[in-house]
Amino acid sequence: IRRSTFLLFNTAAMPSTAVFSMTGTRAQGCIASMRGPRNVPHVSHVLASMPLVSRTLRESRQMARHIVSAKKKKGGKKGGDASEEPVVESSKKQAPVESDDSPASAASVEDDCKDRMEKSLESVKRNFDTISTGRANPKMLDRVTVDYYGTPTPLNQMASVTTPESSLVVIQPYDISAIPDIERAILGSDVDITPSNDGKVIRLQVPQLTAERRKEMTKVASKMGEEGKVAIRNVRRDMLKKVEKLADEVGEDGKKDLDDKVQKLTDSFISSVDALLKSKNEELLKV
């Protein structure tokens, strides 16, 4: 007598895990639990009548599915679609996906506008700090990026930068093997100072600015200031688009009020950039 053991896994047509021990031409035992509508045929109904053959687990599963599918089509669900399969719900609940296009409130538009413009203004301040004024300043190296083992790395993250004298910048790398890479990065930047090293630290001797050089630096500062203004105006453009989407919610008067608030914030931050630029130019031209 041939004997085969089949393990049937959960599928849409087989809602329960079952193990059948078949001896002879009939199934002798079944430990499968019955779930779902009673009029939907289950694999356990048909395995007992399957002819005894020597099959692999995969072949047996496929034959059982075909028989169940045929009986479901023939019998069907009362008052429903015979080919409809039971829905299996996942045990894990998925978190709702947040959309970037979700409608904004009037208050959030104003707060977002102010926050983004403040970040643009801070960026302008940092850029101005990198301009040499003839005096040593650790921030003048903030924009220098070093190719460290193939990864662009800010210099201030791989070395300490100090100014022991008014015209001297000292760079102490955390890894002295990176000294050649740091020197290359400084030479390729807009710092315009030639570094020197003693094998342990790098020194930058900050030269006094000539009148011609000072004028060149004011042009650099003006360019940075203009870039900051463009960034602020881009924020205004984005905010006005959000206000347009809120027109139905806040009404015509509310939309006009939001437009005015965005414009006032824009004018205020543009004025702040102008003030920073004026102060930087005065510092550069002061002998």
Side-chain angles (χ1 to χ4, degrees), residues 94-95 97-101 112-113 115-210 212-235 237-238 269 272-273 276-277 280-281 283-284:
Q94 296 183 352
V97 179
E98 295 183 0
S99 173
D100 292 337
D101 298 329
D112 189 26
C113 179
D115 182 58
R116 290 177 60 183
M117 288 185 178
E118 284 177 348
K119 290 179 180 178
S120 297
L121 184 61
E122 287 298 321
S123 178
V124 173
K125 290 179 181 178
R126 288 194 299 269
N127 289 339
F128 282 169
D129 287 338
T130 64
I131 299 176
S132 175
T133 59
R135 288 182 293 276
N137 181 3
K139 293 182 178 180
M140 64 189 294
L141 299 174
D142 282 355
R143 298 177 68 189
V144 177
T145 302
V146 182
D147 185 4
Y148 188 54
Y149 291 103
T151 303
T153 308
L155 173 58
N156 54 21
Q157 292 184 10
M158 48 188 303
S160 64
V161 183
T162 58
T163 54
E165 300 176 15
S166 61
S167 60
L168 180 65
V169 178
V170 177
I171 304 169
Q172 176 68 65
Y174 303 133
D175 177 9
I176 60 174
S177 67
I179 287 179
D181 296 328
I182 294 175
E183 288 186 327
R184 256 193 311 273
I186 293 173
L187 290 172
S189 69
D190 57 1
V191 174
D192 199 24
I193 300 177
T194 302
S196 62
N197 77 84
D198 60 4
K200 295 181 178 179
V201 298
I202 301 172
R203 293 181 174 85
L204 300 178
Q205 193 70 40
V206 181
Q208 292 295 320
L209 296 180
T210 62
E212 183 179 354
R213 182 62 177 168
R214 291 178 186 276
K215 289 181 180 179
E216 290 178 1
M217 291 294 100
T218 58
K219 292 180 181 179
V220 173
S222 297
K223 182 180 178 181
M224 291 179 175
E226 188 57 38
E227 289 173 352
K229 291 180 183 179
V230 170
I232 291 171
R233 294 188 185 107
N234 287 340
V235 174
R237 179 198 60 202
D238 294 342
F269 280 96
S272 297
V273 173
L276 289 174
L277 178 59
K280 192 64 180 181
N281 284 337
E283 184 182 3
L284 287 169

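Predicted model only: the values in this text are computed from it and were never measured.
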Student: Give, for atom NZ of K200 and atom CD1 of I179, the distance between the pair rounded to the nearest 0.5 Å.
Tutor: 10.0 Å
Student: What is the minimum heavy-atom distance between R214 and E283, and which atoms define it?
Tutor: NH1-O, 4.3 Å
Student: So, for A159 and Y174, which heavy atoms are closest and what is the spacing to 0.1 Å?
Tutor: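 Closest approach of A159 to Y174, heavy atoms only: N-CE1, 3.3 Å.
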Student: Going by an N to O cut-off under 4.0 Å, is there a salt bridge joining E122 and K125?
Tutor: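 Yes, charged N to carboxylate O under 4.0 Å.
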Student: Nearest 0.5 angstrom please: I171 CD1 to M158 CE, how far?
Tutor: 10.5 Å
Student: Report the C-alpha separation of F128 and L277 in whole Å, then their side-chain angles, then the decisive distance to 0.1 Å, and conclude whether the side-chain contact (heavy atoms from CB on, under 4.5 Å) test is met.
Tutor: CA-CA 8 Å; F128 282 169; L277 178 59; 3.9 Å; yes
Student: So which of K280, R135, R143, K139 actually passes salt bridge (charged side-chain N to carboxylate O under 4.0 Å, His left out) with D129?
Tutor: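 Exactly one option meets the salt bridge (charged side-chain N to carboxylate O under 4.0 Å, His left out) with D129, and it is K139.
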Student: Are R184 and D147 ion-paired here, with the side-chain N under 4.0 Å from a carboxylate O?
Tutor: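 No.
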Student: If you measure from CE on M224 to OG on S123, what distance do you get to the nearest 0.5 Å?
Tutor: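 Going from CE on M224 over to OG on S123, the span is 9.5 Å.
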Student: In terms of side-chain heavy atoms, does Y149 have a donor or acceptor partner in D181 at a distance below 3.5 Å?
Tutor: no
Student: Please determine which of V169, L204, V206 meets the side-chain contact (heavy atoms from CB on, under 4.5 Å) test together with T163.
Tutor: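 With T163 as partner, V169, L204, V206 yield a single side-chain contact (heavy atoms from CB on, under 4.5 Å), made by V169.
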Student: For the residue pair V230 and E227, establish whether any side-chain heavy-atom pair is separated by less than 4.5 Å.
Tutor: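 Counting from C-beta outward, V230 and E227 never come under 4.5 Å.
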Student: Where the side chain of T153 meets the backbone of T151, is there a donor-acceptor pair that is under 3.5 Å apart?
Tutor: yes
Student: Does any non-hydrogen side-chain atom of T130 lie less than 4.5 Å from one of D190?
Tutor: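 They are not in side-chain contact.
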Student: When you measure from the side chain of S120 to the backbone of R116, do you find a donor-acceptor pair of N or O atoms at a distance under 3.5 Å?
Tutor: yes
Student: Is there a side-chain contact between N197 and E183 in this structure, where contact means two heavy atoms from C-beta onward sitting under 4.5 Å apart?
Tutor: yes
Student: I'd like to check E118 versus F269 (side-chain heavy atoms, cut-off strictly below 4.5 Å). Are they in contact?
Tutor: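 Yes, their side chains come closer than 4.5 Å.
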Student: Would you call L155 and T145 a side-chain contact if the rule is heavy atoms closer than 4.5 Å?
Tutor: no
Student: Just verifying a value: how many Å separate N281 CG and I131 CD1, rounded to the nearest 0.5 Å?
Tutor: 8.0 Å
Student: To the nearest 0.5 Å, how far apart are OG in S189 and CE in M140?
Tutor: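 S189 atom OG to M140 atom CE measures 8.5 Å (nearest 0.5 Å).
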Student: Are V191 and L141 close enough that some pair of their side-chain heavy atoms sits under 4.5 Å apart?
Tutor: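 With C-beta onward as the side chain, the pair touches.
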Student: Testing the basics here: between V235 and C113, what is the closest heavy-atom pair and its distance to 0.1 Å?
Tutor: CG1-O, 4.0 Å
Student: Please tell me if the side chains of I202 and V170 come closer than 4.5 Å, counting only heavy atoms from C-beta onward.
Tutor: no
Student: For Q172 and T162, does a side-chain donor sit closer than 3.5 Å to a side-chain acceptor?
Tutor: no
Student: Should the heavy atoms of other residues, nucleotides or ligands under 6.0 Å from CG of L168 be counted, would the total exceed 12?
Tutor: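 Buried by this count: over 12 neighbours within 6.0 Å.
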Student: Taking atom CG of D142 and atom CZ of R126, what is their separation to the nearest 0.5 Å?
Tutor: 9.0 Å
Student: Side chains of Q205 and I193, heavy atoms from C-beta outward: is any pair under 4.5 Å?
Tutor: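 Not touching, per the 4.5 Å side-chain cut-off.
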Student: Does the pair E226/K219 count as a salt bridge with the N-to-O cut at 4.0 Å?
Tutor: no
Student: Just do the side-chain contact (heavy atoms from CB on, under 4.5 Å) check on K223 and V220 with the steps written out, would you?
Tutor: CA-CA 5 Å; K223 182 180 178 181; V220 173; 5.7 Å; no
